[in-house]
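Read through the structure below, which is laid out as structure tokens, and then see the notes.
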2 protein chains.
Amino acid sequence: MAERISEDDLIARYLAPIAGAAGLRLVDDAALFAPPAGRDLVLTKDALVAGVHFFPEDAPDDIARKALRVNLSDLAAKGARPEGFLLALALPADFSESWIARFAQGLGEDARAYACALFGGDTVSTPGPLTLSITALGSVEQGRMVLRSGARAGDALYVSGTIGDAALGLRLRRDTSGSEQLTREESAFLLRRYLRPEPRVALAEALARHASGAMDVSDGLVGDLAKMMRASAVAAQARLPAIPLSAAARRLTAARPEALAAALTGGDDYEILASVPQDACVAFEDAARAAGVAVARIGSVQAGEGVVITDAAGAAMRFAQSSYSHF
Amino acid sequence: MAERISEDDLIARYLAPIAGAAGLRLVDDAALFAPPAGRDLVLTKDALVAGVHFFPEDAPDDIARKALRVNLSDLAAKGARPEGFLLALALPADFSESWIARFAQGLGEDARAYACALFGGDTVSTPGPLTLSITALGSVEQGRMVLRSGARAGDALYVSGTIGDAALGLRLRRDTSGSEQLTREESAFLLRRYLRPEPRVALAEALARHASGAMDVSDGLVGDLAKMMRASAVAAQARLPAIPLSAAARRLTAARPEALAAALTGGDDYEILASVPQDACVAFEDAARAAGVAVARIGSVQAGEGVVITDAAGAAMRFAQSSYSHF
């Protein structure tokens, strides 16, 4: 095997090209960031472990993109625009330089696409599995961060995109039973939704302007809805027919009823759940359309506590487990 | 074994009490930080892996303190005062609640002592070793961050505290030979210097006001001095008799010449190396004294490239390896 690349060379060759001005070419101890005037900073940090949050054999650029995107999803849910990120990368002894090259390529492409430059970080070795953590910084107009606790009785509830695709993709990856119901394109779509979350960065501005509360849906819609309602000290009612499902998810859940529970309680959606006051719904829907992000009104916020999801017949649904836990 | 504590309970019980206002009681997706007006932000991120950066059997509160302190050391070297931090914690399956309780206690004590509150983070499980990463934020008066690249020919070179204690402590921990030269107190002192770095947070203001360049010494003085001179495109000359050694390090290196190389090239000092213009030296020394941090003038910056350290006889010293790499 070729000699392992040194940490300094790895940083200079593969990571420094992704660094923004704040990163000082990654040759200093720290990044220097002049916060934009009149804006609050929003900070989030997610860790991912091979074998827990992704498959070790996933393509390195997919791993890099996922690590950044799950953080961008948190920023978007708070109404924040990305400013930059720091990366900690713990590499197993057997990593190759070509792995790093592909990792950095995916990371760099996303950093550019989402206007979120690398500020700095740390690269270490580990006797364990590949482990990454990213801290992302965003900014939002002063006082406009959208809190999880902001939902009020009477608000409408929205979700972006479609729900359950990633959880169904993960199921297909582990066990292909059910895939005979799907076209090859539909299977590929679900697998891809698991591999490459699409953070709703474009929706951030609409949320900051119109939403009373929001969070990103990462541990399953049912559980995350319950979390947001608890944080807001309110209840929610949602209707299953209103929950947006992709064509592939619709077909799979129609054929296999247990897949419906997986879609609604499985993780990795990285869509956004938002509460919007009634008098702001039209403006929110218009702003979402202008941003090119589909949003669906799935129910409403009510006084009280608890979450009820009713099926097409109007009956309350029950779930064995309401959310997914990696922990 | 008792049932594993849930992630939500772990956060609510042990980490939320450490959270500052920006952390929103750790119940939201992200932290909300209003940056102090007229100041730049300084951001740093260090990762630590059990068995690589610390011993898995180290006391949990020492592990927590070390993870925070190595980041605070970076902030101090940049002249920045701590503002807050985010923590990613990847826990092996067999961690116990009492381990977490002690970890959080140490972390909380340091967060208070250094006025650096927890802003947020992520807790995940890992099939590998305990892995932590901390992103620390500091702030400095606009335009006053002290760069690694700021040293200029003619500047004096200073280091804080004493050099080599931690590297010698680590040696003693791995192999007690040499410890017969030391009193029990001296051995304990060196071991403690490895376990509990003392970030020179109190020196930050003096650095921001008077230093032309600085970095923290974490990978060995000789290698880090070379790094800083390269970043500044200058050379350095330093005198061994001027490099501050503790009584314990002095005694051990006198008895075992190979220990001297370990002291000067081993890692984990977490002291500060700074260049100070000649006309600012008196003011810098006064400010350091007022801050209660010992600083020693070890040499000077010169035009050219390379680092020469001369011994008491004036001969240039040679080192097999100039710095320590965890990578």
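Chain letters run A, B, ... following the sequence lines, proteins first and then strands; every chain starts at 1. Basis for what follows: all heavy atoms, side chains included, without hydrogens, waters or symmetry-related copies.
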Self-check item: Partner chain A: residue of B:V27, B:L137, B:L75 with the largest heavy-atom pair count (under 4.5 Å)
Solution: B:V27
Self-check item: Summary of salt bridge (Lys or Arg N to Asp or Glu O under 4.0 Å) pairs that have at least one residue in residues 78-93 of chain B, sequence neighbours excluded
Solution: A:D28-B:K78, A:D29-B:K78, B:R81-B:E83
Practice problem: Heavy-atom pairs under 4.5 Å with chain B are the metric here; pick the option from A:L86, A:D40, A:L147 that has the most. | Solution: A:L86
Practice problem: Would you mind checking which part of B:A80 comes under 4.5 Å of any heavy atom in chain A, side chain (CB onward), backbone (N, CA, C, O), both or neither? | Solution: neither
Quiz item: Is any side-chain heavy atom of A:T135 less than 4.5 Å from a side-chain heavy atom of B:L43?
Solution: no
Quiz item: Would you say the side chain of B:V52 lies within less than 4.5 Å of the side chain of A:P127, judging by non-hydrogen atoms?
Solution: yes
Quiz item: Taking atom types as modelled and ignoring hydrogens, do the side chains of A:T131 and B:T131 form a donor-acceptor contact shorter than 3.5 angstrom?
Solution: no
Exercise. Mind ranking B:P35, B:A34, B:G84, B:A214 by heavy-atom pairs under 4.5 Å with chain A and telling me who comes out on top?
Key: B:P35
Quiz item: Between B:L132 and chain A, which part of the residue has a heavy atom less than 4.5 Å away: side chain, backbone, both or neither?
Solution: neither
Quiz prompt | Members of residues 221-234 of chain B whose heavy atoms come closer than 4.5 Å to chain A | solution = B:K227
Exercise. Specify which of A:D216, A:N71, A:L48 makes the most heavy-atom pairs with chain B at under 4.5 Å.
Key: A:D216
Practice problem: Give, for atom CG of A:L89 and atom NZ of B:K45, the distance between the pair rounded to the nearest 0.5 Å. | Solution: 10.5 Å
Practice problem: Using a cut-off of under 4.5 Å on heavy-atom pairs, state which of B:A31, B:A30, B:P129, B:A37 scores highest against chain A. | Solution: B:A31
Quiz item: Relative to chain B, which segment of A:F119 carries a heavy atom at a distance below 4.5 Å: side chain, backbone, both, or neither?
Solution: side chain
Quiz item: When rounded to the nearest 0.5 angstrom, what distance separates CZ in A:R144 from CG in B:L32?
Solution: 13.0 Å
Quiz item: Tell me, side chain or backbone of A:M215 under 4.5 Å from chain B's heavy atoms, or both, or neither?
Solution: both
Practice problem: Evaluate the side-chain proximity of A:E7 to B:D219: yes if any heavy-atom separation is below 4.5 Å, no if none is. | Solution: no
Quiz item: By a 4.5 Å heavy-atom criterion (distance strictly below it), what part of B:V42 contacts chain A: side chain, backbone, both, or neither?
Solution: both
Exercise. Measure distances from A:L130 to the heavy atoms of chain B and classify the residue's part below 4.5 Å as side chain, backbone, both or neither.
Key: neither
Exercise. Using a cut-off of under 4.5 Å on heavy-atom pairs, state which of A:S149, A:A90, A:G121 scores highest against chain B.
Key: A:G121
Self-check item: Contact class of B:R39 relative to chain A, heavy atoms under 4.5 angstrom
Solution: backbone
